[in-house]
2 protein chains.
Amino acid sequence: MNFREKHNLTHQLTHDLGMEVVKGNYAVGGGLPSEADICSLYNVSRSATREAVKMLSAKGLITSRPKQGIRVMPEHNWNLFDTDVLSWILSSKPSIQLLHEFTQMRVAIEPQACALAAVHANAEQLRNIEDALNRMRDADNGLDDPLEADIAFHTSILEASCNRFFYQLTNFIATALRVSIRYTNKIKGVHGADVLKHQHILDTIKSRDSESAYKASKEILDEAIELIETQFVERTISVPVVNAD
Amino acid sequence: MNFREKHNLTHQLTHDLGMEVVKGNYAVGGGLPSEADICSLYNVSRSATREAVKMLSAKGLITSRPKQGIRVMPEHNWNLFDTDVLSWILSSKPSIQLLHEFTQMRVAIEPQACALAAVHANAEQLRNIEDALNRMRDADNGLDDPLEADIAFHTSILEASCNRFFYQLTNFIATALRVSIRYTNKIKGVHGADVLKHQHILDTIKSRDSESAYKASKEILDEAIELIETQFVERTISVPVVNAD
DNA sequence: AACAATTATTTAAATGATAAATAAGAAACC
DNA sequence: GGTTTCTTATTTATCATTTAAATAATTGTT
């Protein structure tokens, strides 16, 4: 999926090992094969192995120490906001539960980003949001990709928040939207009235109405959450009370 | 500061190079010294260099390709939620501006986490929050470290949100609090009434009152933001006026 | 039983050699 | 002249081997 997968041997190996870890094929705290074993398992040299291990440890998935070997770190150490880690998790164990968590995070981030954008966005950033909205309109008429246009809209707002931490979440939000579409847009008809709602967000930001911008964004996301939660119930109902939680 | 700094040669080099990049000592898109040059500059072998480069590229700071060399990635690619990257940025260019952005993110995250905790927290997680609150009380009487107790409280709520993305932000929030204390607690008297406010958060979570939990948390953070913003103004104003006395 | 010393295993680091990728310049071509 | 294709030089990528350092497990001592 990612262009980095086949970029080179080290990246390939990083990807393969990362997937193995994320899939839970090695016990937490337990251990991966030793450096030497990985070399023979994957038929690669020591340096390729070491570099892959370093990359994974940089992403918080594993640690490696002499004599102890290579160990899986507890999940809360994994850097979930890393694009690779995120995509490995999504491709190895996609679930509505995960989408739900994703969207809860969006509920936290995006309305706040809109509020900040209303205060801080400069002329160029406003234009970018507007451009993205126009792409959504085009998409509605079959002239652009609806998903990409949608992503561009939400991304442009994050950028306009003028807060580097919010902007950093671009990839996260984009991924959330890409996953989301798999589930939700199958049910809900694509766009149409959605453009109007997004237009409303832009309007509130333009008019520097921070509070309304927050609300406008929150409204859309609350709908998304609701949609997911109904899905949630439908799918869990078929299983006899697995987990009350 | 981090125990990893002196962990071993590769980590040391990763740290040193990471700091250089974050400080802006190399132009974005421009380039770091070549592999060979880094080796001689830092007096390390190629394997150490390569592994450090891989770690930094895993964190999104740089890329390296044959013939092209090692290049600094644009800042929005940096993984700001990575503990190392965050600490490098903080130690190289700390600023109230950055603290402000930090706290804006907290405003987005924490109230939402409280709301989720009110819905999802189990008995053990509630107990953990309570324990942390008791530590804050102890701290108020000089029996515990106030900062660490505060961090424990906020962290325990993130965990109780039962959302792995929120929980992931533990380190981020902890770092934010640690930085925060440098600025804000110098002015504001330490704790006292704060314990009551935190108690209130716990109460709302315990009584499963999601909305009140949200508000209780938001209130504290809005105060923090306000405090930072007054600081912000004071410091920018005082540039031309050397000394008001 | 508690502690100290030894050993064996595994990663860490250095070195050297070859392969692959690619930016830049040279040559051929229209 | 301008475009394309080929060559070359540089740099990272990969492999192989050796030595060092760290440390878990074992053994020996008191």
Side-chain angles (χ1 to χ4, degrees), chain A residues 2-18 20-21 26-74 77 84, chain B residues 2-18 20-21 26-74 77 84:
Chain A
N2 205 325
F3 70 96
R4 286 153 89 156
E5 278 181 33
K6 301 192 67 181
H7 201 214
N8 59 36
L9 224 190
T10 302
H11 281 96
Q12 177 68 50
L13 183 59
T14 305
H15 176 263
D16 290 351
L17 288 174
E20 290 295 311
V21 171
Y26 301 108
V28 172
L32 275 69
S34 73
E35 257 183 19
D37 290 343
I38 293 175
C39 291
S40 50
L41 261 168
Y42 290 88
N43 251 294
V44 294
S45 73
R46 204 70 186 275
S47 32
T49 301
R50 297 203 94 246
E51 284 164 21
V53 166
K54 289 294 173 196
M55 294 193 82
L56 291 178
S57 78
K59 291 175 190 298
L61 293 193
I62 60 179
T63 49
S64 93
R65 289 172 61 198
K67 179 71 193 181
Q68 188 185 74
I70 303 164
R71 292 190 174 176
V72 178
M73 293 284 272
N77 272 84
D84 292 324
Chain B
N2 204 327
F3 70 95
R4 285 153 91 154
E5 279 181 32
K6 299 190 70 181
H7 201 214
N8 59 36
L9 225 191
T10 302
H11 281 96
Q12 177 67 50
L13 182 59
T14 305
H15 176 263
D16 290 351
L17 288 174
E20 290 294 312
V21 170
Y26 300 108
V28 172
L32 275 71
S34 73
E35 247 181 41
D37 290 343
I38 293 176
C39 292
S40 50
L41 261 168
Y42 291 87
N43 252 294
V44 294
S45 73
R46 276 194 69 201
S47 35
T49 301
R50 298 204 94 248
E51 283 164 21
V53 165
K54 288 295 173 196
M55 293 195 83
L56 291 179
S57 79
K59 291 175 189 299
L61 294 193
I62 60 179
T63 50
S64 92
R65 289 171 62 197
K67 177 71 192 185
Q68 186 186 75
I70 303 163
R71 292 189 174 175
V72 179
M73 293 283 272
N77 272 83
D84 292 325

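Throughout, protein chains are lettered first and strands after them, A, B, ... in sequence-line order, and every chain is numbered starting at 1.
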Nearest-Å distance for atom pair CG/C1', residues B:N43 and C:dT15: 14 Å
Using whole Å, report how far CZ of A:R50 lies from P of D:dC15. 15 Å
Computed from five pairs at either end and rounded to 10 degrees, the angle between the axes of the helix from C:dA1-D:dT30 to C:dC30-D:dG1 is 10°
note: B:N8, atom CG; C:dA14, atom P; distance rounded to Å ~ 10 Å
Which distance, rounded to the nearest 0.5 Å, do you find between the CG of B:L56 and the CE of B:M73? 12.0 Å
Whichever of A:S45 and B:E35 has its nearest DNA chain D nucleotide further upstream toward 5': B:E35
Roughly how far apart are B:E51 CD and A:K54 NZ, rounded to 0.5 Å? 5.0 Å
Quick one: the side chain of A:T10 and the base of D:dA13, do they pair up donor-acceptor inside 3.5 Å? no
So, does B:S64 get its side chain near the phosphate of D:dA13, meaning an N or O under 4.0 Å from OP1 or OP2? yes
Could I get a table of every N or O pair under 3.5 Å where one atom is in the protein and the other is in nucleotides 17-28 of chain D?
unit_1: D:dT23; atom_1: OP1; unit_2: A:R65; atom_2: NH2; d: 3.1

So do the side chains of B:S57 and B:I62 get within less than 4.5 Å of each other, counting heavy atoms only? yes
Which part of the nucleic acid, if any, lies within reach of B:S34 when heavy atoms closer than 4.0 Å are counted: base, sugar-phosphate only, or nothing? sugar-phosphate
Minimal non-hydrogen separation, A:S34 against A:I70, with atom names: C-CD1, 4.5 Å
Picking from B:T10, B:D16, B:N8, what satisfies side-chain hydrogen bond (donor to acceptor under 3.5 Å, both in side chains) with B:Q12? B:D16
With sequence neighbours left out, the residues meeting side chain to side chain donor-acceptor pair (under 3.5 Å) with A:S40 are none
Interatomic distance where OH belongs to B:Y42 and P belongs to C:dA13 [whole Å]: 16 Å
Counting C-beta onward and ignoring hydrogens, is there a side-chain heavy-atom pair between B:H11 and B:M55 closer than 4.5 Å? yes
Rounded to whole Å, how long is the line connecting atom CD1 of B:I38 with atom P of D:dA13? 12 Å
Locate the shortest heavy-atom distance separating B:Y26 from B:G31; write the atom from each residue and the value. CD2-O, 3.6 Å
Heavy-atom closest pair (A:A48 atom, A:L13 atom, distance to 0.1 Å) is O-CD2, 3.9 Å
